[in-house]
Protein chains: 2
Amino acid sequence: MSSNGEKNLVEGNPKYAESFTQGDLALPPSQHYTILTCMDARIDPKSAFNIPLGSAHVIRNAGASAKDAFRSLVISQQLLGTKEVLVVKHTGCGMLTFKNEDAQAVVKQNKGDAGAKEIENLDFLPFTDLEQAVKDDVEWLKGKAVEEGIHFTGWVYEVETGKTRRVV
Amino acid sequence: MSSNGEKNLVEGNPKYAESFTQGDLALPPSQHYTILTCMDARIDPKSAFNIPLGSAHVIRNAGASAKDAFRSLVISQQLLGTKEVLVVKHTGCGMLTFKNEDAQAVVKQNKGDAGAKEIENLDFLPFTDLEQAVKDDVEWLKGKAVEEGIHFTGWVYEVETGKTRRVV
């Protein structure tokens with residue numbers, strides 16, 4: 001049974017808490033923006049995108065999918081006052097490596113019929129062209145009435161170099 | 001128009017890239033685990049939970065909702081080999097402060113009928129008891145056939161102290 005995460009947390013968190021001095025930050029992000037990026041293990045949004053603690057919401061999911069982040073984005077903007085969204089996908093993303101039917105087949109192989117049934121209607125939201133996927137997600141968000149007035153930009157983070165470049 | 005996020009990124013990312021030395025990390029998380037936490041601006045998962053770069057997926061959404069993270073969790077485990085999930089909700093979470101009907105009303109007030117229509121069927125997934133919500137999410141995941149064999153733990157991060165404590 002893997003418990004690497006538990007071990008890391010239990011060992012490291014007390015040291016973090018010992019030198020923690022920012023316990024009075026407000027709930028709403030002080031710089032009124034949201035970063036939407038991928039769950040990928042190689043991305044450290046705070047350092048790579050220079051986000052001061054307390055200043056921005058950070059949403060992360062498989063592929064930095066705007067559709068999958070919609071609930072969180074609406075809460076961020078309508079209830080907590082953010083006005084800007086940066087969609088940041090990245091090179092080497094796992095979502096470029098499979099199609100829905102591949103994922104369905106892997107789950108069926110790993111988890112049998114019961115597992116396969118649970119995800120039979122799940123859109124894994126893979127994509128085939130990285131920059132186009134950034135553009136598509138920004139366009140999709142811009143088309144939503146609830147997102148009107150929000151400032152959107154789209155970016156690619158390079159896991160090989162640590163560099164981020166703007167796409168849209 | 002807010003562009004704080006763009007400014008921070010453009011100013012800070014070149015410095016990050018300049019000293020970046022980990023461009024050869026593998027796509028699958030090297031320590032085979034996933035942290036699911038909130039998008040809240042006051043949480044810095046990498047430092048607070050002691051996550052070495054490249055070692056773990058980090059999923060973040062409003063409230064660290066397991067239901068909302070299901071697509072990402074399945075991809076993390078079934079396609080990228082993670083075996084452990086830490087669900088980390090936090091004190092002072094925005095999801096404790098409203099109900100679905102409150103959110104619907106705010107959107108209607110801010111965005112009119114067109115905006116309200118887009119979110120009329122959206123479950124914002126708020127909760128009323130923090131520790132119970134951690135337990136509920138872990139139980140929900142444990143009940144999924146596709147999650148069988150995954151090691152789940154549930155935690156609360158205190159935004160006031162930087163401390164994290166285990167709930168389940």
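Side chains included, hydrogens not; waters and symmetry mates left out as well; all remaining heavy atoms used. Being a predicted model, the structure only gives us computed values, none of them experimental. So you know, we letter chains A, B, ... as the sequences are listed, proteins then strands, and number each from 1.
No part of B:Thr21 comes within reach of chain A, as not one of its non-hydrogen atoms sits under 4.5 angstrom from that chain. At a 4.5 Å heavy-atom cutoff, the contact between B:Ile43 and chain A is made by backbone atoms alone. At a 4.5 Å heavy-atom cutoff, the contact between A:Ser76 and chain B is made by backbone and side-chain atoms alike. Heavy atoms closer than 4.5 Å to chain B are found nowhere in A:Leu36, neither backbone nor side chain. Neither the backbone nor the side chain of B:Ala69 comes within less than 4.5 Å of any heavy atom in chain A. Proximity to chain A (any heavy atom under 4.5 Å) is restricted, for B:Lys46, to the side chain, taken from C-beta onward. For chain A, the nearby part of B:Ala26 is the backbone; its heavy atoms alone come within less than 4.5 Å. For a residue to count as touching a neighbouring chain, one of its non-hydrogen atoms must lie under 4.5 Å from one of that chain's; by this rule B:Asp44 touches chain A with backbone and side chain alike. The contact between B:Leu86 and chain A is made entirely by side chain atoms (from C-beta outward), counting heavy-atom distances below 4.5 Å. With a 4.5 Å cut-off on non-hydrogen atoms, A:Thr153 touches chain B through its side chain but not through its backbone. In this structure, chain A has a heavy atom under 4.5 Å from the backbone of B:Gln22, while its side chain stays farther away. Contacts of B:Val159 with chain A are made by backbone atoms alone, with heavy-atom separations under 4.5 Å and no side-chain atom involved. Heavy atoms closer than 4.5 Å to chain A are found in the side chain of B:Leu122, but not in its backbone. If you measure heavy-atom distances from B:Val10 to chain A, the contacts under 4.5 Å come from the side chain alone.
No more than 12 heavy atoms of other residues, nucleotides or ligands lie within 6.0 Å of CD in A:Gln109, so this atom counts as exposed by the packing criterion. No more than 12 heavy atoms of other residues, nucleotides or ligands shown are found within 6.0 angstrom of CD on A:Glu148.
Using modelled atom types, one finds a donor on one side chain and an acceptor on the other under 3.5 Å when comparing A:Gln31 with B:Asn8. Side chain to side chain, A:Asn61 and B:Ser72 fail the donor-acceptor criterion of an N or O pair below 3.5 Å.
One N or O on the side chain of A:Glu84 and one on the backbone of B:Asn4 form a donor-acceptor pair closer than 3.5 Å. Side chain of B:Asn13 to main chain of A:Ala48: a donor-acceptor pair is present (N/O by atom type, distance under 3.5 Å, no hydrogens or angles). Within the 3.5 Å criterion, the main-chain N or O of B:Val107 finds no donor-acceptor partner in the side chain of A:Gln78. No side-chain donor-acceptor contact under 3.5 Å links A:Lys163 to the backbone of B:Pro14. Between the A:Arg71 side chain and the B:Ala62 main chain, a donor and an acceptor come within less than 3.5 Å of each other. Using modelled atom types, no side-chain atom of B:Glu118 and backbone atom of A:Lys144 make a donor-acceptor pair closer than 3.5 Å.
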- Task: Could you give me the CA-CA distance, side-chain angles and deciding distance for A:Tyr16 and B:Asn50, then say whether side chain to side chain contact (heavy atoms under 4.5 Å, CB included) is met?
- Result: CA-CA 8 Å; A:Tyr16 179 77; B:Asn50 187 30; over 6 Å; no
- So B:Ile59 and A:Arg60, side chain to side chain contact (heavy atoms under 4.5 Å, CB included) or not? Walk me through it. CA-CA 5 Å; B:Ile59 302 170; A:Arg60 301 181 66 174; 5.6 Å; no
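The residue among B:Glu158, B:Met39, B:Lys111 with the most heavy atom pairs within less than 4.5 Å of chain A is B:Met39. The candidate with the highest count of non-hydrogen atom pairs below 4.5 Å against chain A, out of B:Lys15, B:Glu160, B:His57, B:Glu18, is B:His57. For the options A:Pro29, A:Gly92, A:Pro52, A:Ala56, heavy-atom pairs under 4.5 Å to chain B are most numerous at A:Ala56. Put simply, of B:Thr82, B:Leu27, B:Asp102, the one with the most heavy-atom pairs under 4.5 Å next to chain A is B:Leu27. Counting heavy-atom pairs closer than 4.5 Å to chain A, the top-ranked of the candidates B:Thr164, B:Leu25, B:Val106 is B:Thr164. Of the listed residues A:Ala17, A:Gly5, A:Cys38, the one with more heavy-atom pairs under 4.5 angstrom with chain B than any other is A:Gly5.
Ion pairing of B:Arg166 with A:Glu6 is present here, as a side-chain N (NZ or NE/NH1/NH2) and a carboxylate O approach within less than 4.0 Å.
To the nearest 0.5 Å, atoms CZ (B:Phe49) and CD (A:Glu11) are separated by 16.0 Å. Taken to the nearest 0.5 Å, the CE atom of A:Met95 stands 8.5 Å off from the CG atom of B:Leu79.
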